[in-house]
Trainee: 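This is the structure, below, for whatever I ask next.
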Amino acid sequence: MIAARPALGAVAALFLAVALPRVAARPADPAEASPVYGVRLPPGYRDWKLISVAQENGKTNDIRAILGNDIAVKAFRAGTRPFPDGATIVRLAWRYQSSPRNDAVFPAPQSFVAGAPTNVQVSVKDARRYASSGGWGYGQFEGGEANRDETLTRSCVACHTKLPKSADLVFTDYAR
């Protein structure tokens with residue numbers, strides 16, 4: 001048993017000498033984080049709980065699913081405002097389109113479904129880190145990549161600040 005420890009130590013040392021510098025030296029992909037706030041797509045966000053759905057007409061013409069991490073969902077359900085730090089809300093959007101396949105079953109055209117995906121927007125609550133934007137950091141992602149347009153990213157807070165203070169800069173209410 002004692003002879004095995006030096007061998008194990010040698011393997012660990014070899015790993016640290018060869019593999020670790022490659023991992024540590026790997027530059028971060030700049031497309032992973034949004035500009036301005038540095039928000040990233042949260043791992044596993046598509047498995048989060050549904051908070052609500054929404055539809056935007058006009059130029060946007062999309063249908064949306066609003067999801068939240070456990071912190072956000074707990075705050076939504078309890079009506080807690082302001083949201084606690086760590087709350088993360090994700091809005092997935094798709095083109096809103098009619099469904100000829102579904103309409104063929106119904107007596108009149110009436111079915112609309114999610115079409116092509118448009119983007120994913122992420123809002124992260126961290127009162128200290130994002131103090132200048134009301135405690136929220138924002139990011140928009142298309143095809144899994146952060147939209148690099150700083151003007152677009154900065155425009156998020158401009159719309160959110162139009163909400164009543166009691167909303168804590170969040171458009172969505174919990175759908176019961």
Side-chain angles (χ1 to χ4, degrees), residues 22-77 80-99 112-175:
R22 289 184 184 161
V23 172
R26 186 180 141 237
D29 180 359
E32 291 178 5
S34 69
V36 184
Y37 302 102
V39 169
R40 298 177 184 277
L41 279 173
Y45 71 92
R46 287 186 173 266
D47 294 325
W48 289 0
K49 290 184 176 77
L50 181 69
I51 295 166
S52 190
V53 295
Q55 176 192 344
E56 293 288 330
N57 290 325
K59 184 179 175 184
T60 305
N61 190 37
D62 69 19
I63 189 165
R64 305 161 175 210
I66 297 90
L67 311 176
N69 68 357
D70 289 339
I71 297 167
V73 170
K74 183 177 178 183
F76 270 108
R77 288 178 176 167
T80 302
R81 302 296 181 277
F83 284 86
D85 283 356
T88 304
I89 302 166
V90 174
R91 196 268 297 146
L92 298 97
W94 300 268
R95 289 280 165 237
Y96 182 69
Q97 67 184 40
S98 64
S99 173
F112 292 86
V113 296
T118 60
N119 59 53
V120 175
Q121 293 177 344
V122 180
S123 301
V124 177
K125 182 69 180 252
D126 186 326
R128 261 193 219 149
R129 182 174 179 193
Y130 305 122
S132 66
S133 56
W136 290 94
Y138 302 96
Q140 180 166 307
F141 302 83
E142 289 108 18
E145 298 291 323
N147 184 309
R148 308 302 303 155
D149 183 348
E150 288 190 25
T151 302
L152 171 77
T153 304
R154 289 183 198 284
S155 72
C156 295
V157 72
C159 286
H160 287 261
T161 56
K162 294 176 184 177
L163 293 166
K165 185 170 174 60
S166 61
D168 190 25
L169 306 181
V170 175
F171 281 96
T172 304
D173 291 318
Y174 187 65

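Quick note: residue numbers are just sequence positions, from 1. Not measured: the values here are computed from a predicted model.
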Trainee: Say you draw a straight line from CD of Glu142 to OG1 of Thr118; how long is it, rounded to the nearest 0.5 Å?
Mentor: 8.0 Å

Trainee: List the residues meeting ring-ring contact (aromatic ring centres under 6.0 Å, His included) with Phe112, not counting sequence neighbours, and say none if there are none.
Mentor: Tyr96

Trainee: Could you go step by step and tell me if Ile89 and Thr172 meet the side chain to side chain contact (heavy atoms under 4.5 Å, CB included) rule?
Mentor: CA-CA 10 Å; Ile89 302 166; Thr172 304; 5.6 Å; no

Trainee: Please check if the side chain of Asp126 supplies one atom and the backbone of Gly137 the other of a donor-acceptor pair under 3.5 Å.
Mentor: no

Trainee: Any side-chain heavy-atom pair from Trp48 and Thr88 closer than 4.5 angstrom?
Mentor: yes

Trainee: For a quick test of reading the model, state the closest non-hydrogen atom pair linking Pro42 to Val90 and the distance between them.
Mentor: CG-CG2, 4.2 Å

Trainee: Quick one: pull up CD in Glu56 and CD1 in Ile63 and give me the separation to the nearest 0.5 Å.
Mentor: 11.0 Å

Trainee: Taking all non-hydrogen atoms of both residues into account, name the closest pair between Lys125 and Phe83 and its distance.
Mentor: NZ-O, 3.4 Å

Trainee: CG/Asn69 to NZ/Lys74 distance, rounded to the nearest 0.5 angstrom?
Mentor: 12.0 Å

Trainee: Does the Tyr130 side chain pair with the main chain of Tyr37, one donor and one acceptor, at a distance under 3.5 Å?
Mentor: yes

Trainee: Strictly distance-based, threshold 3.5 Å: is any side-chain N or O of Asp168 a donor or acceptor partner for the main-chain N or O of Arg81?
Mentor: no

Trainee: Measuring from atom CD of Gln140 to atom CG of Asp149, what distance do you get when rounded to the nearest 0.5 angstrom?
Mentor: 9.0 Å

Trainee: Side chain of Arg95, backbone of Thr60: donor and acceptor closer than 3.5 Å?
Mentor: yes

Trainee: Backbone N or O of Val39 within a donor-acceptor pair of the Ser34 side chain at under 3.5 Å?
Mentor: yes

Trainee: Return the CD to CZ distance between Gln121 and Phe171, rounded to the nearest 0.5 Å.
Mentor: 9.5 Å

Trainee: So, taking the atom named OH in Tyr138 and the one named CZ in Arg91, what distance separates them when rounded to the nearest 0.5 Å?
Mentor: 13.0 Å

